[in-house]
Amino acid sequence: MRRPVKSIVVLTGAGISAESGISTFRASDGLWENHRIDDVATPEGFERNPQLVHHFYNQRRRQLLLEDIRPNAAHTALVRLEREFPGEVLIVTQNVDNLHERAGSRKLLHMHGELLKMRCVETNQIFDVQEDIGFDTLCRCCQTPGNLRPHIVWFGEIPLHMPQISRALESCDLFVAIGTSGNVYPASGFYQTAKIHRAHTVELNLEQTRSSFDERLFGRASIVVPEYVDQLICSAVAP
């Protein structure tokens, strides 16, 4: 028998942002936007050619700032869940865009960093940024060129907020994964951690993955997420 749902952890992946026009990451061919992953998404690539890496993320940042890139119905549905569900809701996203924030989400953790932020490699201070950054750009805190890097978790680096995420997974009653392939560690194991601690697990995706969720719903995120959120809220407030 399922226990009452008092706390929810939602994991979102590229599938929730794809309908907003954000290019999804696919690693099967070793390329990302026609660049080798090793060149633009690893610490070693940044060490070899920081200017190439900055150029790559400048392009991604410009795309995110385009006028027609905006949150979709799946993002706004999660905002409604956060506001109307009577218990705890935490959104953990693998995405580096700001669409959850623009939709209005507040209880949000970016485990892979944020595209609109830069980090000083010397002080670890983090800065908001919307303009292009180059290797010769002066860091705001140390005024030294070459000390800024994208605030992005690259391959080989530890995702952000893991202790907080682990605690939430171990204490939640419901875990929902939205638009994620389930292939990237450690997020691929989140549903297992939640299941071990007796949470009900649900996958909302465009197509089935190899993961063993308790419940699955398939379709476009902009359709299935609002429908599922409606069900959750109705069941939570029903007498």
Side-chain angles (χ1 to χ4, degrees), residues 11-14 16-18 20-71 91-102 105-106 108-166 180-181 183-188:
L11 172 69
T12 66
I16 198 172
S17 294
S20 294
I22 300 293
S23 300
T24 58
F25 168 71
R26 290 292 180 266
S28 59
D29 57 1
L31 297 176
W32 185 6
E33 295 287 320
N34 297 315
H35 289 77
R36 292 178 64 247
I37 293 168
D38 288 346
D39 290 338
V40 297
T42 64
E44 295 79 11
F46 185 64
E47 184 176 353
R48 285 193 306 268
N49 193 341
Q51 194 59 40
L52 172 65
V53 174
H54 280 304
H55 175 69
F56 177 81
Y57 287 98
N58 287 340
Q59 291 178 310
R60 307 284 76 71
R61 196 177 302 114
R62 290 175 200 164
Q63 180 199 30
L64 180 57
L65 294 172
L66 291 174
E67 188 174 332
D68 59 347
I69 301 294
R70 55 179 62 94
I91 299 173
V92 178
T93 185
Q94 296 172 280
N95 300 332
V96 297
D97 60 59
N98 66 342
L99 296 181
H100 282 299
E101 290 93 335
R102 288 174 58 188
S105 289
R106 295 293 176 264
L108 175 70
L109 297 177
H110 280 270
M111 62 180 295
H112 290 163
E114 299 178 62
L115 190 56
L116 297 182
K117 295 184 184 293
M118 301 295 292
R119 186 168 78 242
C120 176
V121 298
E122 293 295 330
T123 66
N124 280 325
Q125 288 195 46
I126 299 169
F127 308 97
D128 293 329
V129 62
Q130 294 195 358
E131 67 275 10
D132 285 358
I133 298 294
F135 182 69
D136 56 352
T137 301
L138 291 180
C139 175
R140 298 179 196 174
C141 65
C142 63
Q143 295 299 305
T144 302
N147 274 3
L148 287 174
R149 60 157 282 178
H151 185 50
I152 302 292
V153 176
W154 289 322
F155 287 93
E157 296 182 322
I158 299 173
L160 306 173
H161 311 296
M162 286 306 299
Q164 186 175 350
I165 294 170
S166 295
T180 176
S181 66
N183 293 329
V184 179
Y185 181 84
S188 57

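What you see is a predicted model, and the numbers here were worked out from it, not measured in a lab. Numbers here are sequence positions counted from 1. Below, each value reflects all heavy atoms present in this structure, side chains not excepted, and no hydrogens, waters or symmetry copies.
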Checklist line | Expected output: side-chain N95 to main-chain G13 donor-acceptor under 3.5 Å | finding: yes

Check: So, for Q143 and R140, which heavy atoms are closest and what is the spacing to 0.1 Å?
Finding: NE2-O, 3.2 Å

Check: Counting N and O atoms only, with roles assigned by atom type, does the side chain of T137 sit under 3.5 Å from a partner on the main chain of G134, one being a donor and the other an acceptor?
Finding: yes

Item checked: Steps toward side-chain contact (heavy atoms from CB on, under 4.5 Å) verdict (L116, L65) -> CA-CA 9 Å; L116 297 182; L65 294 172; 4.3 Å; yes

Check: Is any side-chain heavy atom of P150 less than 4.5 Å from a side-chain heavy atom of F56?
Finding: no

Checklist line | Exam field: side chain H54 to backbone L148, donor-acceptor pair closer than 3.5 Å | finding: yes

Margin query: I need the S105 OG to N98 CG distance, nearest 0.5 Å.
Written below: 11.5 Å

Check: Do you know the tightest heavy-atom contact between D39 and R48?
Finding: OD1-NH2, 3.1 Å

Next item on the list: Measure across D97 and H110 and return the closest heavy-atom pair with its distance rounded to 0.1 Å.
Entry: O-CE1, 3.0 Å

Notebook entry, point to check: CG of N58 to CD of Q63: how many Å apart, nearest 0.5 Å?
Noted result: 13.0 Å

Check: Does the side-chain contact (heavy atoms from CB on, under 4.5 Å) test come out yes or no for Q130 and D128, once each step is laid out?
Finding: CA-CA 7 Å; Q130 294 195 358; D128 293 329; over 6 Å; no

Item checked: From OG1 (T144) to CG (L138), nearest 0.5 Å -> 7.5 Å

Next item on the list: Considering non-hydrogen atoms only, spot the tightest contact between L115 and L64 and give its length.
Entry: CD2-CD2, 4.0 Å

Note to self: Does the plane of the ring in W154 sit parallel, tilted or perpendicular to the ring in F46? Use 30° and 60° as the thresholds.
What the structure shows: tilted

Note to self: Quick check on E131: does its CD atom have over 12 non-hydrogen neighbours (other residues, nucleotides or ligands) under 6.0 Å away?
What the structure shows: yes

Item checked: CZ on R149 to OH on Y57, rounded to 0.5 Å -> 8.5 Å

Check: Any idea which heavy atoms bring N147 and C142 closest together, and the distance?
Finding: ND2-SG, 3.2 Å

Notebook entry, point to check: Would you find a donor on one side and an acceptor on the other, under 3.5 Å apart, between the side chain of S20 and the backbone of I69?
Noted result: no

Next item on the list: Keeping the roles fixed (side chain from H112, backbone from Q94), state whether a donor-acceptor pair exists under 3.5 Å.
Entry: yes

Margin query: Using a 6.0 Å cut-off, check whether atom CG of L66 has over 12 heavy atoms from anything other than its own residue.
Written below: yes

Check: Is the backbone N or O of G45 less than 3.5 Å from a side-chain atom of T42, with the two atoms forming a donor-acceptor pair by type?
Finding: yes

Item checked: Residue pair V92 / M111: nearest heavy atoms and the distance that separates them -> CG1-SD, 3.9 Å

Check: Got a donor-acceptor contact below 3.5 angstrom from the Q125 side chain to the C120 backbone?
Finding: no

Next item on the list: Quick one: pull up CZ in R60 and CD1 in I152 and give me the separation to the nearest 0.5 Å.
Entry: 11.0 Å

Checklist line | Point-to-point distance, once rounded to the nearest 0.5 Å, from CD of E114 to CZ of R119 | finding: 11.5 Å

Notebook entry, point to check: If we only count heavy atoms from C-beta on, is the H151 to V129 side-chain gap below 4.5 Å?
Noted result: no

